[in-house]
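Okay, so here's the structure we're looking at.
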2 protein chains.
Amino acid sequence: MSASAETAAPASAKARAILEAAAELFITQGYGAVSMDAVAKRAGVSKATLYAHFGAKDRLFAAIIQGACLEMRGETPEMGPAGASLYDAMLPMAIRWLGFLLRERSLGMFRVVVAEGSRFPELARAFHENGPRATRQWLTGWLAAQAARGLLQAPDPALAADQCLALLRSEMFLQATLGIGPMPDEAAIAASAAAAVRTFCRAYGAVG
Amino acid sequence: MSASAETAAPASAKARAILEAAAELFITQGYGAVSMDAVAKRAGVSKATLYAHFGAKDRLFAAIIQGACLEMRGETPEMGPAGASLYDAMLPMAIRWLGFLLRERSLGMFRVVVAEGSRFPELARAFHENGPRATRQWLTGWLAAQAARGLLQAPDPALAADQCLALLRSEMFLQATLGIGPMPDEAAIAASAAAAVRTFCRAYGAVG
DNA sequence: GTCTATAGAAGGATAGAC
DNA sequence: GTCTATCCTTCTATAGAC
């Protein structure tokens with residue numbers, strides 16, 4: 001691991017093809033199970049070209065994870081309508097966020113970062129910063145604003161945000177992470193998100 | 001993967017040494033990063049002996065995960081004192097369970113099963129059955145009993161159990177899973193568990 | 001920059017002696 | 001059952017031509 005910045009955008013078309021192919025393979029099969037031959041073959045380039053662009057397997061892997069982290073930053077959730085109740089405001093956001101977590105790409109990303117976190121600690125940190133931590137910070141601010149409006153009682157908005165997100169990452173997410181059972185459809189996702197928001201509001205909602 | 005039963009107890013001393021060494025290596029480094037040479041060396045046996053006991057790397061891995069699942073079955077939580085309040089009854093259980101999740105061995109087990117779940121689906125299922133699912137079932141029954149005693153309002157005890165466990169698997173568990181930051185000490189674990197139980201009781205506690 | 005071809009190392013699995 | 005020594009495949013990485 002050479003740990004360079006590597007934040008530059010993919011220059012040539014071949015480089016983009018390599019990044020796309022490698023992302024697909026690493027995220028679906030994990031770091032160890034993917035060979036550089038497989039990446040080159042899928043990208044339609046030779047191995048030498050691959051090594052010309054990215055010096056080694058671990059640097060290619062780092063570039064993939066960094067790129068996926070940048071994508072995650074773009075996925076900022078939307079807040080609900082201003083005048084609604086706490087439940088009505090949170091539910092669309094919750095559905096959207098749980099749906100994002102349960103995408104194959106998000107699950108694969110989470111799996112590979114969990115698996116290789118000990119060998120690539122800086123990548124695990126980058127993932128956390130751009131994914132869970134960014135979401136947590138955004139939600140903390142939003143909850144604090146709602147608390148100021150009197151819609152909920154949250155003396156510690158960061159803790160409330162943690163617990164809200166934890167409620168969303170419940171059994172359904174655990175099973176999906178383990179790859180057990182069928183992938184939940186939209187209705188199941190909405191139902192699970194609604195259950196989480198309902199419980200959150202019962203715990204934190206301002207008593208009317 | 002030959003998918004045999006392999007539930008038998010480790011017979012000889014060498015077999016036990018192999019299992020112990022392999023468990024340590026697989027759980028700390030992951031499946032792909034561990035070579036059979038490394039296992040043999042750590043166990044103090046030759047590779048041929050290793051292959052004589054377990055026919056292949058994937059079968060050795062399966063035996064390790066199965067064994068760890070059996071261990072997990074032994075870790076049944078204890079319920080709190082009968083006459084106490086809901087919070088007082090749940091808190092010791094919550095601390096104990098979160099402490100178990102945050103052990104290096106539990107975290108490593110979770111990481112490797114998440115990482116290899118797609119290649120060893122039956123192992124992911126066994127892990128889930130003996131770990132999360134067993135805990136969930138136990139807690140569901142306990143919560144139903146408390147609901148019958150009027151200590152909480154839970155029309156769907158299984159959902160309540162899910163959410164209780166999800167609240168415990170919050171930011172602290174996520175960070176530990178990713179290997180980020182220092183390992184939480186006992187006080188931090190107790191505080192996180194207390195926050196989870198407090199929120200759970202606010203959402204589900206019988207209004208007195 | 002890109003290719004073909006290959007070096008060099010590591011890993012999974014086995015043969016054969018004891 | 002256990003060991004030593006080895007086979008064969010696969011993998012990362014590079015050399016050299018264009």
Side-chain angles (χ1 to χ4, degrees), chain A residues 1-4 6 8-65 112 115-116 118-120 123, chain B residues 1-4 6 8-65 112 115-116 118-120 123:
Chain A
M1 171 64 59
S2 308
S4 65
E6 204 83 39
S12 70
K14 299 251 178 191
R16 274 195 304 276
I18 291 171
L19 283 173
E20 197 167 339
E24 167 73 15
L25 292 175
F26 279 135
I27 289 177
T28 56
Q29 302 181 32
Y31 181 76
V34 172
S35 72
M36 296 295 260
D37 282 279
V39 175
K41 188 173 181 180
R42 186 183 181 95
V45 302
S46 74
K47 259 203 299 189
T49 300
L50 203 167
Y51 275 96
H53 281 273
F54 311 88
K57 187 182 181 184
D58 55 7
R59 295 193 56 188
L60 176 59
F61 181 68
I64 298 303
I65 304 298
V112 69
E116 306 299 331
S118 56
R119 264 185 296 178
F120 302 93
L123 294 186
Chain B
M1 171 62 63
S2 309
S4 65
E6 204 82 38
S12 70
K14 299 251 177 191
R16 273 194 304 275
I18 291 172
L19 284 172
E20 197 167 339
E24 167 72 15
L25 292 176
F26 279 134
I27 288 176
T28 56
Q29 302 182 32
Y31 181 77
V34 173
S35 71
M36 296 295 262
D37 283 277
V39 174
K41 188 172 182 182
R42 185 182 180 97
V45 302
S46 73
K47 256 202 304 187
T49 301
L50 203 168
Y51 276 94
H53 282 274
F54 311 88
K57 187 183 181 184
D58 55 7
R59 296 192 54 187
L60 175 59
F61 181 67
I64 298 304
I65 303 298
V112 69
E116 306 299 331
S118 56
R119 264 186 295 178
F120 301 93
L123 294 186

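Order of the sequence lines sets the chain letters (A, B, ...), proteins ahead of strands, with each chain counted from 1.
- The side chain of Ser46(A) lies closest to dT4(C) when the candidates are dA13(D), dT4(C), dA13(C).
- Of the possible polar contacts, none joining the Thr49(B) side chain to the Val45(B) backbone as a donor-acceptor pair under 3.5 Å is found.
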Ring pair (Phe, Tyr, Trp, His ring centres under 6.0 Å) for Phe61(A) and Phe54(A)? Distances and angles first, verdict last. CA-CA 9 Å; Phe61(A) 181 68; Phe54(A) 311 88; over 10 Å; no
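- Between Phe26(A) atom CZ and dT12(D) atom C1' there is a gap of 12 Å when expressed in whole angstrom units.
- Considering only the side chain of Lys47(B), dG12(C) comes nearest among dT14(D), dT2(D), dG12(C).
- Within 4.0 Å of Ser35(A), counting heavy atoms only, lie sugar-phosphate atoms of the nucleic acid but no base atom.
- Remark: P of dT14(D) and CE of Met36(A) are 10 Å apart, rounded to the nearest angstrom.
- Phosphate proximity of dC3(C) to Thr49(A): present, with a side-chain N or O under 4.0 Å from OP1 or OP2.
- For the side chain to side chain contact (heavy atoms under 4.5 Å, CB included) with Val34(B), the qualifying choice from Leu60(B), Ile27(B), Val112(B), Val39(B) is Val39(B), the only one to do so.
- Here the P atom of nucleotide dA10(C) and the NZ atom of Lys57(B) are 15 Å apart, to the nearest Å.
- Here Val34(A) lies in heavy-atom contact (under 4.0 Å) with sugar-phosphate atoms only.
- If you take CG of Asp37(A) and P of dC3(C), they are 14 Å apart, rounded to a whole angstrom.
- Contact between the side-chain N/O atoms of Lys14(A) and the OP1/OP2 oxygens of dC3(C) is found at a separation under 4.0 Å.
- Once rounded to the nearest 0.5 Å, the distance linking NZ of Lys14(B) with OG of Ser46(B) reads 8.0 Å.
- Taking 4.0 angstrom as the limit, Tyr51(A) places a side-chain polar atom (N or O) nearer than this to OP1 or OP2 of dA13(D).
- Side-chain atoms of Ala48(A) lie closest to dT14(D) of the nucleotides dT2(D), dT14(C), dT14(D).
- One atom, CZ of Arg59(B), and another, P of dA13(C), lie 11 Å apart when rounded to the nearest Å.
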